[in-house]
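The structure appears below as structure tokens.
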Amino acid sequence: MKNAMRNSATDLAALDRLRVRVTNVEKDPESQQTYDTYTPLDKRRGTQSARMNPIVRTLASIDRRVALSVGGCLSLFVLYVGAKASWTIIFVLTACIGMLWFALFLARDVLSKDEGTKEMQEISNAIRDGAEGYFNTQYSTIGKLSVVLCGVIYVIYLFRRETPEQMEAGVSRGFMATLTAFSFMSGAICSGVAGYVGMWVSVRANVRVSGAARRSAREALQIAMRAGGFSALLVVGMTVLGVTVLYSVFNYFLVTEGGLNPNDIPLLLVGYGFGASFVALFAQLGGGIYTKAADVGADLVGKVEQGIPEDDPRNPAVIADLVGDNVGDCAARGADLFESIAAEVISAMILGGTLCKKSKLPDSTGFILFPLVVHTMDLIVSAAGIMSIGGRSTRSNEDPYSVMTGGYNVAIVLSIISFIGSCRFMLYTPVAPNAWLYFAGCGMVGVATAYVFVWIAQYYTDYKFRPVRMVAEASTTGHATNIIAGVGLGMEATALPVIAMSTALISSYWLGNSSGLMDAEGKPSGGLFGTAVATMGMLSTAAYVLSMDIFGPIADNAGGIIEMSQQPESVREITDLLDAVGNTTKATTKGYAIGSAGLASFLLFSAYLDEVSSFTGKPFKQVDIAIPEVFIGGLLGSMLVYLFSAWACVAVGRSAQEVVNEVRRQFAERPGIMTFNEKPDYARCVSIVAESALREMVRPGLLAVFAPCIVGVIFRIFGAYTGQELLGAKAVAGMLMFATVAGILMALFLNTAGGAWDNAKKYVETGAHGGKGSEAHKAAVTGDTVGDPFKDTAGPSLHVLIKMLATITLVMAPLFLD
């Protein structure tokens, strides 16, 4: 790994050859001194292929005609097997491919914009080199871990028991092992591609947003949103395509006369969700540690100790900080949303198949494929919302956040119409003719919950509202009061989201049970599927929400490029405004993400209970926490959340210490940096942060993967020794339940507190309470620094953790059974 990082540092040699344009403050303000020590752009382009991602380089070397021929044959095969399953599959595949072409249109539009001045381009190139170098090394490590885990899954499934349905269909253990391992690797690869797409667009859009900011705020906003839209549409489209293709292929080969029932096919897709979650967890951890270690190191020494502005070119850690925005907030968030949608879709398909089986419905196709149709429509309505944001403003001093929420409102209205239509066409059944109306009501509950979550997150993290201004005011009396106010705000901010989530769960469950669908005993059976439909309603505009999320780091990078290239203050004011809005959008989308994660985890928990019942042939509908071993499993699940969060924060702290020491060393040994007579060693900080992040991400990641397996196996053995049936499965269920509850609350606290501290600092920097350089500003910077690992490392990683715990229990369930 160290050798790989040294090679990455070599790739980043361009960081030492930046052109830094500065103003000599001791002379006349109009006189400027320029240091031309950069490598020309054409030389960089000449070595671009050498630094290209190995996978991308391999794909680019394939003959175009061969690629088109192979791609055409595969497409025809997928369409054929899709048509065999259902004509709905053809609609989904066609619409997804069409929206992927639209995403390419957005990318072409963004890349056609000018890249600003030569200084801007040099800085952007350095950021791109750093991000791509780290991404290649990080995903090489994740890839190796994925291959090892894939082998473990294969071996486990070779010796696991089959379900009665699989035994009747003649599906062998070896075939199931191959199938699950293949699904796992497919999910892992697609999740990695989703992360790469998120980073690819951000490192190319940042300089174009900077260039547009010299003309108008609205044009810069439009470019950043379209760049985020490209990434979001590709991520959601790939998720739907991946699940659709796997379902179609499995259905084609396994659903035959004497083979598996179509209702059992979704359960075979859990490996795909686990692979996506596994990669997303390490991507979020590694990216989060990188970005916040660099950010904390840059702020503590640059802002607090040296008193220089944010993103000042004299700060040796500034390039590492800007690189971190891309690998942490863009690449990791793309992988995060990919696995979120994959987990939600697969769990909803499982519950749809289970509902049809229990209710003896003649045709289960609509209920199983409904999630795929919803997210196909998500692509279309989100694209309409993105395109509703024009490049020209109709009024002066407009609020960028209001413009973005205007596009969100367009997507919401269209999603409501499409969702109701999808319910009518997909969920109508003669057994219960009005069931689709009740399920449409469940979807509206989900849409309303999404809107409420976005509003709550904005209220607690936007400095236009009282909570953040209270934190800023607390900064006037010192660092400690700022921290106390932020911690208190974060704890308070858990209340409203939990109430909203609880209301959504119980409402959708009640509506589902009122749908008229009954099981063989005459009991209502639609409750769980109602909660699944509500989750789909909440995620029915996921692509637009991800666009808003990726907007944040792109705007942040644009501000850094403007500052480092010494553009006029008026331009910096535009990027500062967009950056502040980006902090709010990131906070709101994190609230949205944890809300959807909570609902999706409930679905996956229900799917786990169903899977245990399928394997054992015995009812497994409730978990009794009065059983001491189950209660202990719950305690261990809660402990896992806190230990995981602690290790993530400590990892940022240790990495940041290395950055702080390096930045202090450079300022001490090279005093000419502060007078612009010497250039900082940017590459050294990038190398330190990258190596530290890769080292630190492994421990918390492996903890999350192995903890449920260890608990399940230990209690399975203990249950066999004491004669307690299914004790391992029950203990894991308790662990999963408690970890989900604790993880939701912890993530809400960390995300909101961190976002509030960040925007309290931004509010002070607007001139409030003394403005930049004041004592209040120093206290606000301290709060922002404390909140960095909260909101960008531990908090987002918990979103992935609680879903990955659910998917890993689904995949590893045979380990826990007697």
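Bear in mind the structure is a predicted one, so any value in this text is a computation, not a measurement. Residues: numbered from 1 along the sequence shown.
- Interatomic distance, Met536 CE to His375 NE2, rounded to the nearest 0.5 Å: 7.5 Å.
- Distance alone, capped at 3.5 Å, places no donor-acceptor pair between the Ser191 side chain and the Ala188 backbone.
- Looking only at distances, a side-chain donor or acceptor of Asn751 sits under 3.5 Å from a matching main-chain atom of Ala747.
- Proximity of a side-chain donor or acceptor of Ser606 to a complementary backbone N or O of Phe602 within less than 3.5 Å is detected.
- Between the side chain of Asn409 and the backbone N or O of Thr405, at least one donor-acceptor pair lies under 3.5 Å.
- Ser140 places no side-chain N or O within 3.5 Å of a backbone atom of Asn136 that could act as its donor or acceptor partner.
- In the displayed structure, Tyr438 atom OH is contacted under 6.0 Å by at most 12 heavy atoms of other residues, nucleotides or ligands.
- Cation-pi contact between Arg424 and Tyr428: present, with separation from the ring centre below 6.0 Å and deviation from the ring axis of at most 45°.
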Should His799 and Gln284 be marked as a side-chain hydrogen bond (donor to acceptor under 3.5 Å, both in side chains) after you check the CA-CA gap, both sets of side-chain angles, and the distance that decides it? CA-CA 10 Å; His799 305 168; Gln284 186 66 71; over 6 Å; no
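- Ring geometry, Trp200 versus Phe230: the interplanar angle falls from 30° to 60°, so the pair is classed tilted.
- Although no hydrogens or angles enter the test, the distance criterion places a donor-acceptor pair under 3.5 Å between the side chain of Ser508 and the main chain of Leu505.
- Remark: the backbone N or O of Leu379 is not paired with any side-chain donor or acceptor of Ser382 at under 3.5 angstrom.
- Summarising the geometry, atom CG belonging to Asp363 is positioned 8.0 Å from atom SG belonging to Cys356; distances are rounded to the nearest 0.5 Å.
- A distance-only check finds no donor-acceptor pair linking the side chain of Ser216 to the backbone of Ala212 [under 3.5 Å].
- In this structure, Phe419 has its ring center under 6.0 Å from that of Phe370.
- Atom CD1 of Ile389 and atom CD1 of Ile223 lie 12.5 Å apart (nearest 0.5 Å).
- Thr807 places a side-chain N or O within donor-acceptor distance of the main-chain N or O of Met804, the cut-off being under 3.5 Å.
- A donor-acceptor contact closer than 3.5 angstrom links the side chains of Asn263 and Ser364.
- Aromatic ring centres of Phe105 and Phe102 lie closer together than 6.0 Å.
- Open room surrounds CZ on Phe182; 12 or fewer heavy atoms of other groups in view lie less than 6.0 Å from it.
- In terms of heavy-atom proximity, Ala342 sits nearest to Tyr272 at CB-CE2, 4.2 Å.
- Closest approach of Ile416 to Met444, counting heavy atoms only: CG2-SD, 3.6 Å.
- Proximity of a side-chain donor or acceptor of Ser112 to a complementary backbone N or O of Asp109 within less than 3.5 Å is detected.
- Rounding to the nearest 0.5 Å gives a distance of 11.0 Å between CG of Leu414 and OG1 of Thr541.
- With values rounded to the nearest 0.5 angstrom, Leu351 atom CG is found 8.0 Å from Phe529 atom CZ.
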